[in-house]
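Following: one structure in structure tokens, then a few remarks.
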Amino acid sequence: MKEIILNQLNASLPNIQVETSEFKDELTIQVQKKDIVEVCKVLKNDSELKFIHCIDVTAIDWARRKDRFTVVYHLFSLKNKFQLVVKADVDESDCNIDTVSSVWRSANWHEREVYDMYGITFNFHPDLRRMYMPEEFEYHPLRKDFPVLGIPGSLPLPKK
Amino acid sequence: MGLEAKLTQDGFLTTKIDALLAWSRKSSVWPMPMGISCCAIEMMAVGGPKYDIARFGSEVMRFTPRQCDLMIVAGTVTYKMSHVVKKIYDQMPDPKWVIAMGACTSSGGMYRSYPVVQGIDQFLPVDIYLAGCPPRPDNLLNALIQIQEKIGRTKGRDFQNKPLSELNVIQNN
């Protein structure tokens, strides 16, 4: 399956860099963040691959690494019964990545959740609002520098 | 049995108005089931035939706060939800009482993290804190009995011509 995916990607997009890794029989491909929409379009629309199910979009905060965040896409191909992980690094100084909600509509809410929890902006997203936290909340709770108990006074309580 | 036996004779009894008021108040506490998460399942069990809250006169769970005396906050209250809980509490007519059912409501419980209010007494006057995660149905009945005892100790004048803020102080005693 790995060969098919790489062949199809190379055939459609010859100029992109793709790194692969495998862990516990799960294939991961690492792409550059500028290529993410093109790669996702191929993965979804190619007749051999057909990754039509976007299971989840999430992110990792590496805290002290140079590229601080990794955005992770979990995809599933019903045709091949194969699960694929796509990763793209995002740095804190340029904390944005293009949206894939034009490819999979279900990515819309997943990306809103990542925006809410990690503060990564998704360019061209149709409706980038917070998912869980109140709209006026200023922090991003799943970042490693956010204290578990929150920042006192940042969430309003009703008057007693 | 109760009253009927006494009424067979001359048809009157003597009591204090305060006692009669408190007795009637405590014998028909109408709960507002503020079921937010898993504790609500135990609250439903209390409403069912096995534990049967009707034995204590509280079977009328009203889903409009305007008809309720007792709010059973059953479940984890997040900061976002706290405004809703408070709004519903404010709609209940005085006098009113609150049970904080379970560990989450009383202290945040196992959710010691940023979105969960660490105890609803930060924004509500709580009368009974109920231990357990979730509490057994018997435990909720025990809380109701304690609320009834508390209501039984009230006097009519406790609620007369008092501003709301003072009323809350009385209820918290």
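Only heavy atoms go into these numbers, but all of them, side chains included; no hydrogens, no water, no symmetry mates. So you know, we letter chains A, B, ... as the sequences are listed, proteins then strands, and number each from 1.
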ask   = So does Arg112(B) have more than 12 non-hydrogen atoms from other groups sitting under 6.0 Å from CZ?
value =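 12 or below, so no.
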Shared ILVMFWY cluster between [X] and [Y], side chains joined below 4.5 angstrom?
{"X": "Val37(A)", "Y": "Phe122(A)", "answer": "yes"}
{"X": "Ile5(A)", "Y": "Ile16(A)", "answer": "yes"}
{"X": "Val18(A)", "Y": "Val103(A)", "answer": "yes"}
{"X": "Trp109(A)", "Y": "Met133(A)", "answer": "yes"}
{"X": "Phe76(A)", "Y": "Leu9(A)", "answer": "no"}

request  = Taking all non-hydrogen atoms of both residues into account, name the closest pair between Tyr114(B) and Leu155(A) and its distance.
outcome  =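 Scanning both residues, the minimum pair turns out to be O-CD1, 3.5 Å.
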task = Please report the shortest heavy-atom distance between Ser113(B) and Leu149(A), naming the atom on each side.
result =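 Reported closest heavy-atom pair: N-CD2, 3.8 Å.
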request  = Say whether, by atom type as modelled, one donor and one acceptor occur between the side chain of Lys86(B) and the main chain of Lys159(A) under 3.5 angstrom.
outcome  =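 Confirmed, Lys86(B) side chain pairs with Lys159(A) backbone.
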query = For Tyr132(A), does its backbone N or O pair with a side-chain atom of Lys80(B) as donor and acceptor, under 3.5 Å?
reply =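 Checked: pair present.
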key: Side chain, backbone, both or neither of Val116(B) within contact of chain A (heavy atoms, under 4.5 Å)   =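 Answer is neither: Val116(B) stays 4.5 Å or more from chain A.
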key: Heavy-atom side-chain contact between Pro158(A) and Lys87(B) under 4.5 Å   =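 No, every pair of side-chain atoms sits at 4.5 Å or beyond.
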inquiry  = To the closest 0.5 Å, what do you measure between CD1 (Ile120(B)) and CG (Leu157(A))?
reply    =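 Reported to 0.5 Å precision, the distance equals 11.5 Å.
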